[in-house]
Asker: 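Following this message is one structure expressed as structure tokens.
Each chain gets a letter, A, B and so on, in the order its sequence line appears, and its residues count up from 1. All values reported here derive from a predicted model rather than from experimental measurement.
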Amino acid sequence: MTNTNTGGEASERTLNFIEQIVENDNAQRVWGLNERGVPKVHTRFPPEPNGYLHVGHAKSICLNFGLALRYQGKFNMRFDDTNPSKEEQEYVDSIIRDVKWITSAFDDAGAGFSAGSYDTGPAAGGLFYASNYFEQMYLFAEELIRKGKAYVCDLTGDEVSARRGKPGVPATSPHRDRPIEESLALFRDMRMGKFPNGARTLRAKIDLASPNFNLRDPVMYRIVHESHHNTGDAWCIYPMYDWAHGIEDSLEGITHSICTLEFEDHRPLYDWFIDAINEGRTDDGSGPWGRRIQHPQQIEFAKFRPTYTILSKRNLLKMVSERIVSGWDDPRMPTISGLRRRGYTPRAIRACMEDVGITKVESSIDIGRMENALRDHLNRVAPRAMGVLRPLKVVITNWPQGNVDDLDFVINPEDPAQPKRKTRFAREIYIERDDFMEAAEKGFFRLAVGQEVRLRWAYFITATGVVKDASGTITEVHATYDPATRGGDAPAGPDGQPLRKVKGTIHWVSADHATDAEVRLFDRLFVAEEPGTRTGNWADDLHPRSLEVARAKLEQSLSTAKVGDTFQFERLGYFRVDEDSVSGTLVLNRAVTLKDSRPAGESGKSKGAGAAGRMYSIAEAAHELKLKQEKLAAMLPGAGISDFASRTPAQLTLAEVRGLKDWIKKNPPTK
RNA sequence: UGGGGAUUGGUGUAACGGUAGCACGACUGACUCUGACUCAGUUAGUCUAGGUUCAAAUCCUAGAUCCCCAGCCA
């Protein structure tokens, strides 16, 4: 079996546990056949429109949409909009946009099966709103009251809390034996708006002593006098998630209701509600309550949890409202709209999700995996261009004044089918400041005085001297070029082999033909792998310089680039034209750098993210060693790490953690 | 202290009583007009302790650690 990291195209791999469940169900025809004559598979993505979608949601979309596609089923986009006080039309609009964008990664999904976006392709189930089922839900609720399975409770929120009980101590409710007719009348009065917010609730009559608190007579309806983005003022009672969700799935014919781990405790409730509705119903509808409704299967999986990121909508909202970022679509945000603006592609996001897989293990995903997936995709599709982020002027002193050369530039070496295009070269050019050293150090094979370098697709040049300002800063480099190297090839000898080699190739931009641009360089929003673990407040781990703005010089052809265009600037990374661009002033975002295998330090970046440089906080180390933090801290001196208390930051190296592991084996802690 | 989950190299993930494999990362090297890409190689793992078995990551027992649950949020 092979795994794929090549853009998420379907390939052979072992089935994940959800696919196994689906295939089992299919083999046993649990859900019957669909109109295509294949076993029915119907999934959905059910966000609440109370914020923008983030990468975590992308995983769920890919899972659910991918399942529908793989098994020739259907996928519903559904708003779980049961709480008018938190939901807004702006969020509805953004979610629709984002889901379409993510699902577009499934276009041309192979096997002659084209996907299209969620609402147009063969997997399209449609766009739905839970709020459109309010009337049906209400009818089901009355049915449960009449079956003696639900009752109106007069307790306030605080009173319910106070009476919730504890593990081993049952909850209490003074109204659970209220006569059916009385509950029915009160429930109708609730709907009529006869009571203020919070005065009464409808509760399911399940088990006040259940060890699972979700079953201690959960609230089904609460009174909320507020306008709803979809139903307006039609309702003043709104269903709770637990009551509503299973009904939504059932009504839409969902077969596999996939959600995240924290809802495992809710599954018995999900099942109870559907079973309660079905009690007294029959397959042919002949009973007193009519036809049975579908009972979807809830399946839970672990969330996508990237390092150096926070994902809860509440905290993302806080970052937006406190202006820590410029908005929900700030390119540093883990929101789908932020990733899109930064330059991520849906295919890269999908590939990352495929790479990471579906399990019930709450693992955290190295944010580098997302970056790798992006590089992998963009490397194959992004046109190359040249841009200089920190320009340093080079004067080619032996280049004829006023002369301009048109040179061939390869658009994408990964795609030889693409034609070449012309790039202008002249006497004055810009190169990257980092690509020049007055005196080359060992291992530095870019431009230096007396050292020859290749200008990509242009000429070999050798620096001859520098011009400095009063402070000693180099303002200009003088160099000579070799006319025999036009196009960037060294002249060949009689045997056809190049007569000389240059180790370095650098990028450049013609000064007279350059276009100015603002280039935004992003770093992680947080400096801690898990923001907030150190102090309990993620704000303490914010990266103080997660945005740097460069005044760049780009090759002339970029001046006509459009918003959304993405390029690889050779040797630098991938860049996307930002929405902030106005005519004449380009703004680009660096989506991700290229990988850099230069020695650490030389590239100006720290190379510590990998395993070798991995640092552990005391909490992480304690987790790794399966010890309590205090216990670990106490044993450090004995294990030969005596200076830990004085370290800043208080971290252990990977080697030390490994050493501790061995030491603990030999010296087991006392219980 | 009640209930529900989880635990395989640095990371992610396979193996469903029978060779612990794959991917990412890291490290070497080759190639290279991007210190990119590509290619080759190296590295490193079954939470612990018992038990069952010819054979255990897998089954049993006990324990450890982590996550979730007492909203009229979803």
Asker: Figure out the NE2/C1' separation between A:His245 and B:A74, and round it to whole Å.
Answerer: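 Answer to the nearest Å: 9 Å.
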
Asker: Toward the 5' end of RNA chain B, which comes first, A:Lys360 or A:Ala458, by nearest nucleotide?
Answerer: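 First, find each residue's nearest nucleotide; the 5'-ward one identifies A:Lys360.
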
Asker: I need the CG-P distance between A:Asp376 and B:A23, as an integer number of Å.
Answerer: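 For the pair A:Asp376 CG and B:A23 P, the rounded distance is 14 Å.
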
Asker: Hey, is the side chain of A:Thr505 poking within less than 4.0 Å of OP1 or OP2 on B:U32, counting only N and O atoms?
Answerer: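 Negative; the distance criterion is not met.
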
Asker: Determine the interatomic distance between C1' on B:U1 and the same-named atom on B:A70; round to the nearest Å.
Answerer: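 Comparing C1' positions in B:U1 and B:A70 gives a spacing of 14 Å.
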
Asker: At less than 3.5 Å, do the side-chain atoms of A:Asp265 and the base atoms of B:G3 form a donor-acceptor pair?
Answerer: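 Per atom types, the contact qualifies.
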
Asker: Verify whether the ring centers belonging to A:Phe425 and A:Trp508 lie closer than 6.0 Å.
Answerer: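 When the ring centroids of A:Phe425 and A:Trp508 are compared, they turn out to be within the sub-6.0 Å range.
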
Asker: Among the nucleotides B:C72, B:A74, B:G35, which one has an atom lying closest to any side-chain atom of A:Thr201?
Answerer: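 So the nucleotide nearest the side chain must be B:C72.
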
Asker: Looking at A:Ser364, does any N or O in its side chain come under 4.0 Å of the phosphate oxygens OP1/OP2 on B:U11?
Answerer: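 For B:U11, OP1/OP2 do not have a side-chain N/O of A:Ser364 under 4.0 Å.
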
Asker: Ring centres under 6.0 Å, that's the criterion: do A:Tyr241 and A:His245 meet it?
Answerer: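 Between A:Tyr241 and A:His245, the centre distance is under 6.0 Å.
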
Asker: Could you tell me the Watson-Crick or G-U partner of B:C66, where both distances fall under 3.5 Å? Say none if there is no partner.
Answerer: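 In the structure as shown, B:C66 has B:G5 as its Watson-Crick or wobble partner.
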
Asker: Give a yes/no on whether any side-chain N or O of A:Arg571 is located under 4.0 angstrom from OP1 or OP2 of B:G35.
Answerer: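 Yes, such a contact exists.
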
Asker: Looking at every strand, decide which applies to A:Pro47 at a 4.0 Å heavy-atom threshold: base, sugar-phosphate, or nothing.
Answerer: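 Here A:Pro47 touches no strand at all.
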
Asker: So does A:Arg222 get a side-chain nitrogen or oxygen closer than 4.0 Å to the phosphate oxygens (OP1/OP2) of B:A74?
Answerer: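 Looking at the OP1 and OP2 atoms of B:A74, one of them is under 4.0 Å from a side-chain N or O of A:Arg222.
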
Asker: With a cut-off of less than 4.0 Å, is there a side-chain N or O of A:Lys595 near OP1 or OP2 of B:G25?
Answerer: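 Yes, such a contact exists.
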
Asker: Kindly point out which of B:U13, B:C37, B:C67 is positioned nearest to the side chain of A:Asn379?
Answerer: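 Nearest listed nucleotide: B:C37.
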
Asker: Is A:Val388 close to A:His507 at the side-chain level, that is, under 4.5 Å between some pair of heavy atoms?
Answerer: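 Answer yes - side chains close enough.
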
Asker: Checking A:Asp271 against A:Arg267 for the salt bridge (Lys or Arg N to Asp or Glu O under 4.0 Å) test, could you report, in this order, the C-alpha distance in whole Å, the side-chain angles of both residues, the deciding distance, and whether it holds?
Answerer: CA-CA 6 Å; A:Asp271 292 337; A:Arg267 185 167 7 110; 5.6 Å; no

Asker: Take atom NE2 of A:His266 and atom C1' of B:C68, then tell me their distance rounded to the nearest Å.
Answerer: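 Checked: the NE2 to C1' distance equals 9 Å.
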
Asker: Watson-Crick or G-U wobble partner for B:C22, using a 3.5 Å limit on both distances?
Answerer: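 Its partner is B:G12 (Watson-Crick or G-U wobble, both distances under 3.5 Å).
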
Asker: Answer with base, sugar-phosphate or nothing: what part of the nucleic acid does A:Gly368 contact at a heavy-atom distance below 4.0 Å?
Answerer: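 Touches nothing.
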
Asker: Between B:C72, B:U13, B:A14, which nucleotide has the shortest distance from any of its atoms to the side chain of A:Val361?
Answerer: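 Looking only at heavy atoms from C-beta outward on A:Val361, the closest nucleotide is B:U13.
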
Asker: Partner of B:A49 by Watson-Crick or G-U wobble geometry, both contacts under 3.5 Å, or none?
Answerer: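 Checking every strand shown, B:A49 finds its partner in B:U61, with both distances under 3.5 Å.
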
Asker: Select one nucleotide: of B:G35, B:U11, B:C69, the one nearest the side-chain heavy atoms of A:Phe213.
Answerer: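 Selected nucleotide (nearest to the side chain): B:C69.
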
Asker: Without decimals, in angstroms, what is the distance between A:Asp355 CG and B:C24 P?
Answerer: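 Answer to the nearest Å: 8 Å.
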
Asker: Work out how far the C1' atom of B:U43 is from that of B:C22, and round it to whole angstrom.
Answerer: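 Looking at atom C1' only, B:U43 and B:C22 are 16 Å apart.
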
Asker: From B:C73, B:C68, B:G3, pick the nucleotide closest to the side chain of A:Glu262?
Answerer: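 For A:Glu262, the side-chain atoms sit closest to B:C68.
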
Asker: Can you see whether A:Asn372 engages A:Arg375 through a side-chain donor-acceptor pair at a distance of less than 3.5 angstrom?
Answerer: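 Yes, a side-chain donor-acceptor pair sits under 3.5 Å.
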
Asker: Among A:Arg598, A:Arg454, A:Arg571, which residue satisfies the salt bridge (Lys or Arg N to Asp or Glu O under 4.0 Å) criterion with A:Asp435?
Answerer: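 Going through A:Arg598, A:Arg454, A:Arg571 one by one, the salt bridge (Lys or Arg N to Asp or Glu O under 4.0 Å) with A:Asp435 is satisfied by A:Arg571 alone.
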
Asker: Using atom C1' of each nucleotide, how far apart are B:U46 and B:C59 to the nearest Å?
Answerer: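 Per the computed distance, 16 Å lies between those C1' atoms.
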
Asker: Taking atom C1' in both B:C68 and B:A74, what distance in whole Å separates the two?
Answerer: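 One C1' to the other, the span is 15 Å.
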
Asker: Quick check on B:G71: syn or anti? Syn means the glycosidic torsion is within 90 degrees of zero.
Answerer: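 Here B:G71 takes the syn form, which means its glycosidic angle is within 90° of 0.
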
Asker: Taking only the side-chain nitrogens and oxygens of A:Arg203, find out if one of them lies under 4.0 Å from OP1 or OP2 of B:G71.
Answerer: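 Answer no for this pair, as no side-chain N or O of A:Arg203 is under 4.0 Å from OP1 or OP2.
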
Asker: Can you figure out which of B:A14, B:C24, B:C72 approaches the side chain of A:Asn372 most closely?
Answerer: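 Closest nucleotide among those given: B:C24.
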
Asker: Give me the distance, rounded to whole Å, that separates B:G45 from B:C39 when you measure between the P atoms they each carry.
Answerer: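 26 Å, rounded to whole Å.
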
Asker: Please state the P separation for the pair B:U32 and B:C16 - nearest whole angstrom.
Answerer: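 Pairwise P distance, B:U32 against B:C16, rounds to 44 Å.
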
Asker: OP1, OP2 of B:A6 versus side-chain N and O of A:Thr359: anything below 4.0 Å?
Answerer: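 For B:A6, OP1/OP2 do not have a side-chain N/O of A:Thr359 under 4.0 Å.
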
Asker: Considering heavy-atom distances to RNA chain B, does A:Ile358 or A:Arg267 have its closest nucleotide positioned more toward the 5' end?
Answerer: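 It is A:Arg267 whose nearest nucleotide is closer to the 5' end.
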
Asker: Kindly say if A:Thr82 contacts the phosphate of B:A74, meaning a side-chain N or O under 4.0 Å from OP1 or OP2.
Answerer: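 Answer is yes, contact under 4.0 Å.
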
Asker: From B:G2, B:C69, B:U34, pick the nucleotide closest to the side chain of A:Glu570?
Answerer: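 Looking only at heavy atoms from C-beta outward on A:Glu570, the closest nucleotide is B:U34.
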
Asker: Given A:Arg216 and A:Asp207, is the salt bridge (Lys or Arg N to Asp or Glu O under 4.0 Å) satisfied, shown in steps?
Answerer: CA-CA 5 Å; A:Arg216 316 251 269 215; A:Asp207 179 6; over 6 Å; no

Asker: Assess the side chains of A:Arg456 and A:Thr505: does a donor N or O sit below 3.5 Å from an acceptor N or O?
Answerer: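 There is no such pair between these side chains.
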
Asker: Passes salt bridge (Lys or Arg N to Asp or Glu O under 4.0 Å), A:Arg500 versus A:Glu452? Steps please.
Answerer: CA-CA 10 Å; A:Arg500 65 182 193 272; A:Glu452 188 170 50; 2.9 Å; yes

Asker: Pick the C1' atom in B:G9 and in B:U13, then give their distance to the nearest Å.
Answerer: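 The answer is 12 Å between these two C1' atoms.
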
Asker: In whole angstrom, give me the gap between the P atoms of B:U8 and B:U48.
Answerer: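 One P to the other, the span is 11 Å.
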
Asker: Taking any heavy-atom pair under 4.0 Å as a contact, classify A:Leu155: base, sugar-phosphate, or nothing.
Answerer: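 Base contact - A:Leu155 has a heavy atom under 4.0 Å of at least one base atom.
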
Asker: Before you tell me yes or no, could you show the steps for A:Ser363 and A:Arg305 under side chain to side chain donor-acceptor pair (under 3.5 Å), namely the whole-Å CA-CA distance, both residues' side-chain angles and the distance that decides it to 0.1 Å?
Answerer: CA-CA 7 Å; A:Ser363 48; A:Arg305 220 162 49 89; over 6 Å; no

Asker: Write down the distance between CG (A:Asp434) and C1' (B:G35), rounded to a whole number of angstrom.
Answerer: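 So the two atoms are 13 Å apart, to the nearest Å.
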
Asker: Can you tell me which nucleotide in B:G3, B:U34, B:C24 comes closest to the side chain of A:Arg369?
Answerer: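 Of the options given, the side chain of A:Arg369 lies nearest B:C24.
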
Asker: Can you find a side chain N or O atom of A:Gln20 that sits less than 4.0 Å from OP1 or OP2 on B:A15?
Answerer: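 Indeed, a polar side-chain atom of A:Gln20 lies that close.
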
Asker: Is it the case that B:U13 (base atoms only) and A:Arg13 (side chain only) share a donor and an acceptor within less than 3.5 Å, ignoring hydrogens and angles?
Answerer: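 Absent.
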
Asker: Rounded to whole angstroms, how far apart are CG on A:Asp154 and C1' on B:C72?
Answerer: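 In whole Å, B:C72 C1' lies 13 Å from A:Asp154 CG.
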
Asker: Choosing from B:G3, B:C73, B:G5, which nucleotide comes nearest the side chain of A:Glu48?
Answerer: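 From the listed options, B:C73 comes nearest.
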
Asker: Find the distance A:Asp81:CG to B:A74:C1' and express it as a whole number of Å.
Answerer: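 Roughly 12 Å, once rounded to whole Å.
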
Asker: Side chain of A:Leu261 only, heavy atoms from C-beta on: which candidate in B:G5, B:A70, B:U13 is closest?
Answerer: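 Ranking B:G5, B:A70, B:U13 by closest atom to the A:Leu261 side chain puts B:G5 first.
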
Asker: Counting any heavy atom closer than 4.0 Å, what does A:Gly488 reach on the DNA or RNA strands: base, sugar-phosphate only, or nothing?
Answerer: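 A:Gly488: base contact, heavy atoms under 4.0 Å.
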
Asker: If pairing requires Watson-Crick or G-U wobble contacts with both distances under 3.5 Å, which nucleotide is the partner of B:A30?
Answerer: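 The base-pairing partner of B:A30, which may sit in any strand shown, is B:U38.
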
Asker: Distance check needed: B:G35 P versus A:Arg446 CZ, whole Å only.
Answerer: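 Between P of B:G35 and CZ of A:Arg446: 8 Å.
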
